[in-house]
Structures are given as C-alpha cells and as structure tokens.
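Note sheet for the following structure.
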Amino acid sequence: MTQLFFDDVTPGDELPELVVAVDETQMFFFSAATYNGHRIHYDKDWARGTEGYDDVLVQGPLQAALLARAVTDWIGGRGRLVEYSVQNRAVAFPGQPLTFGGTVTGKRVDAGRGLVDLDIVGRRGSDILMPGTATVELPRRLGDS
C-alpha cells in the first residue's frame with residue numbers, strides 16, 4: 001500500500017469503500033473479545049421473540065471498528081487517527097453487505113501537523129447506519145518529520 005500524504009489530499013476526495021458482510025462467527029468472536037454477552041447478538045429466538053427483530057444484530061461497536069478500519073486503511077502506516085466520533089442509528093443483520101467510507105471535508109496545518117477532516121459513514125445499501133466525523137494526521141512531504 002502506498003502512503004497517503006497531506007499534500008495529496010483535497011476536500012471532496014472520497015475514501016475507498018470497505019465492503020464487509022459480517023457473519024455470525026465474526027460476531028461471536030467480537031462479542032467474546034469485548035465481553036458483550038447480550039443475547040441479541042447470538043440468540044436468534046431471543047432476537048426475534050423478545051426483541052422483535054428478524055435476526056440477530058451486528059454489534060454497533062463492530063460496525064464502528066469497521067468504519068475506523070476504512071479510515072486507517074486509507075491513511076496508511078504513517079497516518080494517525082486523531083479524533084473519531086460516530087452514532088449508531090440503525091441495525092444491521094449478519095450477511096448483509098455493509099459499506100464503510102467517507103469524504104474529505106477540510107484540511108489544515110496546525111502546529112506543523114497536517115490534519116484532514118472527514119465525514120464518515122457506514123451504510124447498508126442506501127440506508128445510513130452510522131454517520132460520523134474523523135480527523136486524521138497525515139505526513140507532509142515538505143518538513144516531514
């Protein structure tokens with residue numbers, strides 16, 4: 001992967017989309033790793049009968065992690081995630097293709113750091129599941145430390 005530099009980014013640039021269809025095995029391991037024992041993520045009868053959903057739900061924090069991955073994949077190894085904020089607004093079910101990406105909304109130099117602001121989003125088709133914002137620091141070609 002090629003390193004992205006601050007100098008090469010322009011407001012309006014789109015991040016490459018990350019498309020993931022989360023499966024129940026991934027959900028199980030994520031619940032185990034995060035100590036999330038809520039039955040809505042693994043017990044279909046519970047999700048349907050008690051909670052009223054069609055299936056178990058993909059964890060919101062897993063969706064947030066996938067959205068962060070889309071950002072960190074884009075910024076490369078020398079980039080740094082500085083600020084990250086998302087809201088979980090809708091549910092996702094296992095097996096559905098989810099798309100994570102964003103748009104550059106601004107850039108600035110602050111104390112010598114090349115900062116890039118992003119609007120980020122997780123979607124299921126055209127439905128917005130998780131809107132958010134992020135700021136990343138990218139290396140600068142001139143004066144790069």
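Owing to the predicted nature of the structure, the values given are computational and were not obtained by experimental measurement.
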Rounded to the nearest 0.5 Å, the CD atom of Q59 sits from the CE atom of M27 at a distance of 5.0 Å
Does some side-chain heavy atom of L129 sit less than 4.5 Å from a side-chain heavy atom of R123? no
Salt bridge or not between K44 and E24? Use side-chain N to carboxylate O under 4.0 Å. yes
V20, V71: one ILVMFWY side-chain cluster at the under-4.5 Å cut-off? yes
Rounded distance (nearest 0.5 Å) linking atom CG of D8 with atom OG1 of T2: 10.5 Å
Residues R140 and G114: closest non-hydrogen pair is CD-N, 3.8 Å
Nearest 0.5 Å please: distance from the OG atom of S85 over to the CD1 atom of I120. 8.0 Å
Regarding R39 and D45, does a basic nitrogen lie under 4.0 Å from an acidic carboxylate oxygen? no
Within the 4.5 Å heavy-atom criterion, are F6 and R108 side-chain neighbours or not? no
Provide the closest heavy-atom pair for P11 versus G106 in the form atom of the first, atom of the second, distance. CG-CA, 4.1 Å
Side chains of Y84 and L67: does their closest heavy-atom pair fall under 4.5 Å? yes
Please check if any side-chain donor atom of E83 sits under 3.5 Å from a side-chain acceptor atom of T133, or the reverse. no
Under a 4.5 Å cut-off applied to non-hydrogen side-chain atoms, are N36 and F30 in contact? no
Answer yes or no: is there a side-chain heavy-atom contact under 4.5 Å between L118 and W74? yes
Are side-chain heavy atoms of R113 and R80 found at a separation under 4.5 Å? yes
Assigning hydrophobic clusters by single linkage (Ile, Leu, Val, Met, Phe, Trp, Tyr; side-chain heavy-atom cutoff under 4.5 Å), is L98 placed with V91? no
Nearest 0.5 Å, what's the CG-CD distance between L57 and E51? 8.0 Å
Can you tell if the side chain of L15 reaches within under 4.5 Å of the side chain of T103, non-hydrogen atoms only? no
Which atoms form the tightest heavy-atom contact between G95 and A21, and what is the distance? O-CB, 3.9 Å
To the nearest 0.5 Å, tell me how far L138 CG sits from Q3 CD. 7.0 Å
What do the steps show when you test Y53 against I40 for side chain to side chain contact (heavy atoms under 4.5 Å, CB included), and what is the final call? CA-CA 9 Å; Y53 291 106; I40 203 164; 3.5 Å; yes
Is it the case that one hydrophobic cluster holds both V86 and V58, taking links as side-chain heavy atoms less than 4.5 Å apart, direct or via other members? yes
Do V9 and V109 sit in the same hydrophobic cluster, where Ile, Leu, Val, Met, Phe, Trp and Tyr count as joined when their side-chain heavy atoms come under 4.5 Å apart? yes
Indicate whether the side chain of E17 and that of T99 have a donor and an acceptor atom separated by less than 3.5 Å. no
Checking side-chain contact (heavy atoms from CB on, under 4.5 Å) between K107 and each of D117, V136, V116, which is the one that passes? V116
Heavy-atom closest contact (G102 atom, E14 atom, distance): O-OE1, 3.3 Å
With a 4.5 Å heavy-atom cut-off, do P94 and V56 have their side chains touching? yes
How long is the gap from CZ on R69 to CG on L81, to the nearest 0.5 Å? 15.0 Å
Between V121 and M130, is a side chain to side chain contact (heavy atoms under 4.5 Å, CB included) present by the stated rule, with each step listed? CA-CA 5 Å; V121 65; M130 186 166 283; over 6 Å; no
Check for me, please, whether L66 and I128 land in the same ILVMFWY cluster - side-chain distances under 4.5 Å, paths through other members count. no
